[in-house]
Undergrad: 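Pasting a structure here, questions to come.
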2 protein chains.
Amino acid sequence: MAGVEDTAVRAKQIPEAAVARLAVYLRVLSGMAEQGATTVSSEELSGSAGVNSAKLRKDLSYLGSYGTRGVGYEVQVLVSQIERILGLTRQHRVAVIGIGNLGHALANYGGFPGRGFPVEALFDTDPDLVGIPVGGIPVSHLEDIPRICSEREISVGIIATPPTAAQSVCDRLVAGGVQCILNFAPVVLQVPAHVEVRKVDLAVELQILSFHVARRADRAGEAPENRGTPGLPDAGLPIDNGGTGDGRNSAGTDGGLGMVVR
Amino acid sequence: MAGVEDTAVRAKQIPEAAVARLAVYLRVLSGMAEQGATTVSSEELSGSAGVNSAKLRKDLSYLGSYGTRGVGYEVQVLVSQIERILGLTRQHRVAVIGIGNLGHALANYGGFPGRGFPVEALFDTDPDLVGIPVGGIPVSHLEDIPRICSEREISVGIIATPPTAAQSVCDRLVAGGVQCILNFAPVVLQVPAHVEVRKVDLAVELQILSFHVARRADRAGEAPENRGTPGLPDAGLPIDNGGTGDGRNSAGTDGGLGMVVR
DNA sequence: GAGTGTGAAACGCTTCACAGCA
DNA sequence: TGCTGTGAAGCGTTTCACACTC
């Protein structure tokens, strides 16, 4: 597989972490361009993007050398180069599966970020929804996922169903030729190697935050800087973990964020 | 800051990456417990969580030694230990700011994942919304964020507003004593050091996926396995961890999902 | 002088492989 | 025998510091 001959040799294998940041730089740069800026320094751009300048320069260096020493970078040039690397010069048709609260929000975008991610198909199981247009696109049934995705050349699937439905939806997306999946359901999806999955998990995010609060509380012994408001350590009630049972969730209808609660 | 700080006295300093996975293990374990499982091996648990067993064992070792050689781990014990480490034994009151599509979805949870994250306040600027209850809680005006958060002892703020409002909302949350912020708006927030921020950015996620598709297309020169009709190697095995309640989420549109578009 | 581009050091996370205990 | 717990090796990412260019 070596092949590397593609584009001029430059496939240097950009670190995954850098790819995520490039997307952020792109947004900041677009904002700057809109306000008329034509050049930026690494210091300036990194400040707005929330990283340090060394990291920013390293990241940009993966694109090639597009800066001018003593001056900075040309905003337009960076925008184009980042779009090129991220593959944003072509369209990626999107399908949203699970038209609950979250799915609705996604479908209503109409067309995603600037350019590049038009929503072209919606799916749900609910008979009351099938056939009805949401954000201009009629909702289809889950069973038609393979056919429709194939016909419309969908390349990205966004799963916003309850967790129990997620794997089967995923399988159908794969059968329909979808290569990328953004999964909002709290389940670890099983996919063939050629499919890329990214997961967004609200519960996990909240729990990570919780961890940090807890850590902070521990070492709060003598934190000098406090913010005026009291705060109260709030001892916290134990939530009786004993029971554990929590069971919840079942599949709802609303295909929504994954938690079911009700 | 280079300083050594009080070198870890008690805290073994669990790697950030491990913390995120612990939350996943917790969900899987809760599901197993619900189905009556009392013990698991690292092989089993890691399989369901989508990681390899060595990593799982290493992660669990940060909690202490709770396994039994030759046997495995007791599900209940792991659940309790992970909850302890993640600080889930106490409540973290949540406020949602920006009641658009996404905000609504979040507010309607009613109470978050299983236990621990009750939504106690909602905010928006829209006069038509202020005063109206959503998911049982009346919407308040952004101006009251500091007072209300302080009164209700909110510790987590979820920002689901349009990007332009995000920083000012953030400042008010900080003024109200909020320590953790989950940001759905596509902006890099500026916060004091004692506040923890996590960001969920739909646009970035899609662009990362786009990058991978592009890379893949490049080296598709002679990929033997193509997707013809992918038949799927059958991925499906039962994961069924589904059950546990937790949740998920994300994105919002109007409120912010983040992409700006032009 | 100002600011980029980058090798090399430092750091943190992951993987390996095996000792140790039930 | 079976599986956990963990030191140590391996790797990817971040940071440093400075040569180089405008």
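Values below: all heavy atoms of this structure, side chains included; hydrogens, waters and symmetry mates excluded. Everything numeric here is computed off the predicted structure, so don't read it as measured data.
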Undergrad: According to salt bridge (charged side-chain N to carboxylate O under 4.0 Å, His left out), who are the partners of A/Glu16, at least two apart in sequence or on a separate chain?
TA: A/Arg198
Undergrad: For B/Arg84, check side chain to side chain donor-acceptor pair (under 3.5 Å) against everything at least two apart and list the hits.
TA: B/Gln81
Undergrad: Give me the first and last nucleotide of DNA chain D, going 5' to 3', that has any atom under 4.0 Å from a heavy atom of chain B.
TA: D/dG2 to D/dA8
Undergrad: Going 5' to 3' along DNA chain C, which nucleotides are the first and last within contact of chain B (any atom under 4.0 Å from a heavy atom)?
TA: C/dC13 to C/dA22
Undergrad: Identify, between A/Ala18 and B/Leu60, the residue whose nearest nucleotide on DNA chain D lies closer to the 5' end.
TA: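 Here B/Leu60 is the residue nearer the 5' end.
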Undergrad: Sequence neighbours excluded, which residues qualify as side-chain contact (heavy atoms from CB on, under 4.5 Å) partners of B/Ala49?
TA: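 Applying side-chain contact (heavy atoms from CB on, under 4.5 Å) to B/Ala49 gives B/Val24, B/Tyr25, B/Val28.
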Undergrad: Looking at every strand, decide which applies to B/Glu16 at a 4.0 Å heavy-atom threshold: base, sugar-phosphate, or nothing.
TA: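 The residue B/Glu16 makes sugar-phosphate contact but no base contact.
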Undergrad: Taking five pairs at each end, how big is the angle between the two axes of the helix from C/dG1-D/dC22 to C/dA22-D/dT1, to 10°?
TA: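 End-to-end axis angle for the helix from C/dG1-D/dC22 to C/dA22-D/dT1: 0°, rounded to 10°.
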Undergrad: With salt bridge (Lys or Arg N to Asp or Glu O under 4.0 Å) as the rule and sequence neighbours excluded, what pairs involving residues 61-75 of chain B come up?
TA: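 Counting only pairs at least two positions apart or across chains, no salt bridge (Lys or Arg N to Asp or Glu O under 4.0 Å) contact touches residues 61-75 of chain B.
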Undergrad: Not counting sequence neighbours, which residues clear side chain to side chain donor-acceptor pair (under 3.5 Å) with B/Lys199? List them please.
TA: B/Asp201
Undergrad: Not counting sequence neighbours, which residues clear side chain to side chain donor-acceptor pair (under 3.5 Å) with B/Asn52? List them please.
TA: none
Undergrad: Using every non-hydrogen atom in the two residues, find where A/Ile154 and A/Val94 come nearest and quote the distance to one decimal.
TA: CD1-O, 3.9 Å
Undergrad: Under the salt bridge (charged side-chain N to carboxylate O under 4.0 Å, His left out) test, which residues partner A/Arg57, sequence neighbours left out?
TA: none
Undergrad: Which residues pass the side-chain contact (heavy atoms from CB on, under 4.5 Å) test with B/Gln190, sequence neighbours left out?
TA: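 Partners of B/Gln190 under the side-chain contact (heavy atoms from CB on, under 4.5 Å) test: B/Gln167.
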Undergrad: Tell me every residue that passes side-chain contact (heavy atoms from CB on, under 4.5 Å) with A/Ala20, counting only those two or more places apart in sequence or in another chain.
TA: B/Ile208
